[in-house]
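Working notes, structure below.
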Amino acid sequence: MSCFHRLYSKRPLAIVVFTALTTTCFFVYLTFSQPMSFFTPKSSLHSLESTPDIVYLQNVQANESEFSSGKNIFFIVSTLSRNGEIKLNARQACAIESAARSNPDWKIFPLFVATTWFNSTHNEFISPLLRYCNIHMRFIDWKTFATGTPVEDLFTNHILQNSSFVVEHTSDVFRLLTLYKYGGTYVDTDVVVRRSFDLLLPNFFGLEGRGYVGSAVFNLQASGYGHRFAGAALKDLAEHFDGKVWTANGPMLLTRNLQKFCNVLDVTKMSRERCGGQLSVLPPDAFFRVRYWQHERFFHPEHTETVMASIKDDIVVHLWNKLSSKIQQKVDSSTAYVKLAHEYCPNVIKACGEFF
């Protein structure tokens with residue numbers, strides 16, 4: 001049964017039955033070919049009002065009490081759109097579905113930064129997500145979300161908008177800011193979530209295996225140590241934001257602040273005890289068992305058996321989108337990634353045509 005009406009619509013809308021789709025699915029790295037606005041033009045919004053199949057998302061700030069349990073999983077989707085329409089590709093949607101299936105008692109929040117609406121009749125990879133009552137799509141108002149926070153000036157002074165990596169750095173800022181405000185777990189859209197995050201103690205990070213703390217998966221509570229760390233990192237970000245270096249506001253920022261917070265320079269020695277007993281830095285195998293230089297193992301059948309055996313107990317599998325986004329996968333392939341998709345995001349992969 002669809003949760004479409006209850007979650008997304010404030011006016012009568014027909015529940016659309018999505019029939020067999022023949023669309024070929026490709027994963028495209030987030031790019032844009034010309035300068036674009038982070039705000040949907042009023043003229044565009046006005047022209048959509050008369051279209052009955054348009055569904056507008058709720059502002060994430062409209063009901064902030066829904067985050068009070070702390071059992072929140074957030075995805076930040078900062079893809080730019082010419083007219084404010086939400087578009088998810090198959091692999092992004094797979095990450096979201098896998099989180100919902102593996103964490104049924106958690107609330108899953110895909111947060112859209114530059115987009116606010118979708119068309120319910122032709123959006124093949126949003127349709128499978130509407131089946132899950134624990135998925136709540138929201139949009140972030142760029143103009144107000146950071147008001148009163150340590151990074152407010154990054155927005156009001158257009159510092160973030162002028163970054164050389166605006167899509168990636170927008171995601172970096174919003175993932176940390178979201179956990180600072182609401183608490184929960186942030187997850188990248190190039191992962192497959194296999195097990196519940198209840199298995200981990202709160203306030204956790206994971207090493208990437210190259211001397212840095214990763215920013216693809218981490219958890220911070222909205223109070224106590226988690227909130228304190230997020231606040232300190234945001235202040236650092238406000239003072240040292242670097243729009244020229246791709247990793248500067250993600251792994252490099254988190255690593256630098258954890259070194260201060262835990263008073264440990266060697267990231268491999270950041271035990272929970274060394275970090276005040278309230279914060280964990282997990283070893284690389286926790287979230288990055290297949291390292292970035294090994295990413296092709298997910299996409300070639302000769303490695304499937306080895307990969308599946310190595311990740312059998314892992315909570316999250318990270319697919320290294322920056323390196324793997326152009327590797328096509330047929331939906332009937334025997335690769336590790338396709339096998340994971342069939343098990344953990346079955347509704348999304350069914351919506352694909354020949355390729356996933």
Side-chain angles (χ1 to χ4, degrees), residues 25 27-30 72-79 88-104 106-111 125 128-129 132 134-135 167-168 171-172 174-176 178-179 184-200 204-209 212-220 247 250-251 254 282-292 294-299 307-308 310-325 327 329 335-349 356:
C25 313
F27 185 77
V28 182
Y29 185 63
L30 307 182
N72 311 306
I73 298 174
F74 296 101
F75 294 88
I76 305 294
V77 184
S78 53
T79 313
L88 288 175
N89 59 53
R91 298 187 185 184
Q92 289 174 314
C94 179
I96 296 168
E97 182 180 5
S98 71
R101 288 176 66 85
S102 300
N103 293 268
W106 287 59
K107 293 180 180 180
I108 316 301
F109 293 99
L111 304 183
F125 302 124
L129 304 182
Y132 295 89
N134 64 331
I135 295 179
V167 173
E168 295 85 353
S171 179
D172 286 335
F174 276 120
R175 70 186 68 180
L176 187 57
T178 299
L179 298 193
T185 301
Y186 167 80
V187 182
D188 267 354
T189 55
D190 61 342
V191 306
V192 174
V193 182
R194 299 181 61 254
R195 303 176 70 191
S196 174
F197 286 113
D198 286 328
L199 296 169
L200 298 174
F204 61 77
F205 297 86
L207 295 177
E208 275 194 17
Y212 287 104
V213 175
S215 61
V217 183
F218 64 100
N219 172 283
L220 292 170
T247 59
L254 294 181
L282 303 173
D285 285 352
F287 306 135
F288 308 101
R289 186 176 298 277
V290 177
R291 308 295 197 264
Y292 72 90
Q294 303 168 322
H295 70 278
E296 290 193 355
R297 295 182 183 181
F298 286 118
F299 304 95
V307 169
M308 296 300 286
S310 70
I311 64 172
K312 64 183 178 66
D313 296 322
D314 292 355
I315 295 173
V316 171
V317 178
H318 188 252
L319 281 305
W320 304 104
N321 166 65
K322 186 171 176 63
L323 300 171
S324 66
S325 62
I327 303 176
Q329 295 280 276
T335 65
Y337 190 19
V338 172
K339 282 185 172 293
L340 287 168
H342 279 291
E343 183 172 357
Y344 295 101
C345 58
N347 294 311
V348 168
I349 201 165
F356 168 60

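Source: prediction; values computed, not measured.
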How close do [X] and [Y] get, counting heavy atoms only, and between which atoms?
X      : Y      : value
Ser171 : Tyr186 : OG-OH, 3.7 Å
Ala93  : Phe125 : CB-O, 3.5 Å
Trp106 : Asn72  : CE3-N, 3.5 Å
Ser215 : Glu208 : N-OE2, 4.3 Å
Leu282 : Ala286 : CB-CB, 3.7 Å

Going by heavy atoms in the side chains, are [X] and [Y] under 4.5 Å from each other?
X      : Y      : result
Val307 : Val317 : no
Ser324 : Tyr337 : no
Phe298 : Ile327 : no
Cys94  : Ile349 : no
Val193 : Arg101 : no
Asp285 : Arg291 : yes
Phe204 : Val217 : yes
Asn103 : Phe197 : yes

Using modelled atom types only, decide if a donor and an acceptor are shared between the side chain of [X] and the backbone of [Y] within a distance under 3.5 Å.
X      : Y      : answer
His295 : Tyr292 : yes
Glu97  : Val348 : yes
Ser78  : Val167 : yes
Ser98  : Ala95  : yes
Asn134 : Lys107 : no
Trp320 : Val290 : yes

Can you name the side-chain contact (heavy atoms from CB on, under 4.5 Å) partners of Asp314, sequence neighbours left out? Arg194, Arg289, Ile311

side-chain contact (heavy atoms from CB on, under 4.5 Å) filter on Pro104, not counting sequence neighbours, yields none

Exactly one candidate in Leu179, Thr185, Thr178 meets side-chain contact (heavy atoms from CB on, under 4.5 Å) with Leu220; the answer is Leu179

Just verifying a value: how many Å separate [X] [atom1] and [Y] [atom2], rounded to the nearest 0.5 Å?
X      : Y      : atom1 : atom2 : result
Leu340 : Cys345 : CG    : SG    : 8.5 Å
Phe109 : Ile73  : CZ    : CD1   : 10.5 Å
Thr189 : Leu88  : OG1   : CG    : 8.5 Å
Phe356 : Asn89  : CZ    : CG    : 8.5 Å
Arg297 : Thr335 : CZ    : OG1   : 15.0 Å
Ile108 : Leu129 : CD1   : CG    : 10.5 Å

Do NZ/NE/NH1/NH2 and the carboxylate oxygens of Arg175 and Asp188 come within less than 4.0 Å? yes

How about Phe288 and His318: are their ring centres within less than 6.0 Å of each other? yes

Taking the six-membered ring for Trp, are the ring centroids of Phe174 and Phe74 within less than 6.0 Å of each other? no

For the pair Phe218 and Phe205, name the ring-plane relationship: parallel under 30°, tilted 30 to 60°, perpendicular over 60°. parallel

Verdict with supporting geometry, Thr247 and Tyr212, side-chain contact (heavy atoms from CB on, under 4.5 Å): CA-CA 10 Å; Thr247 59; Tyr212 287 104; over 6 Å; no

Passes side-chain contact (heavy atoms from CB on, under 4.5 Å), Ile315 versus Leu199? Steps please. CA-CA 8 Å; Ile315 295 173; Leu199 296 169; 4.0 Å; yes

Report the C-alpha separation of Lys322 and Glu168 in whole Å, then their side-chain angles, then the decisive distance to 0.1 Å, and conclude whether the side-chain contact (heavy atoms from CB on, under 4.5 Å) test is met. CA-CA 11 Å; Lys322 186 171 176 63; Glu168 295 85 353; 5.7 Å; no

Restricting to side-chain hydrogen bond (donor to acceptor under 3.5 Å, both in side chains), what partner residues turn up for Arg195, sequence neighbours left out? none

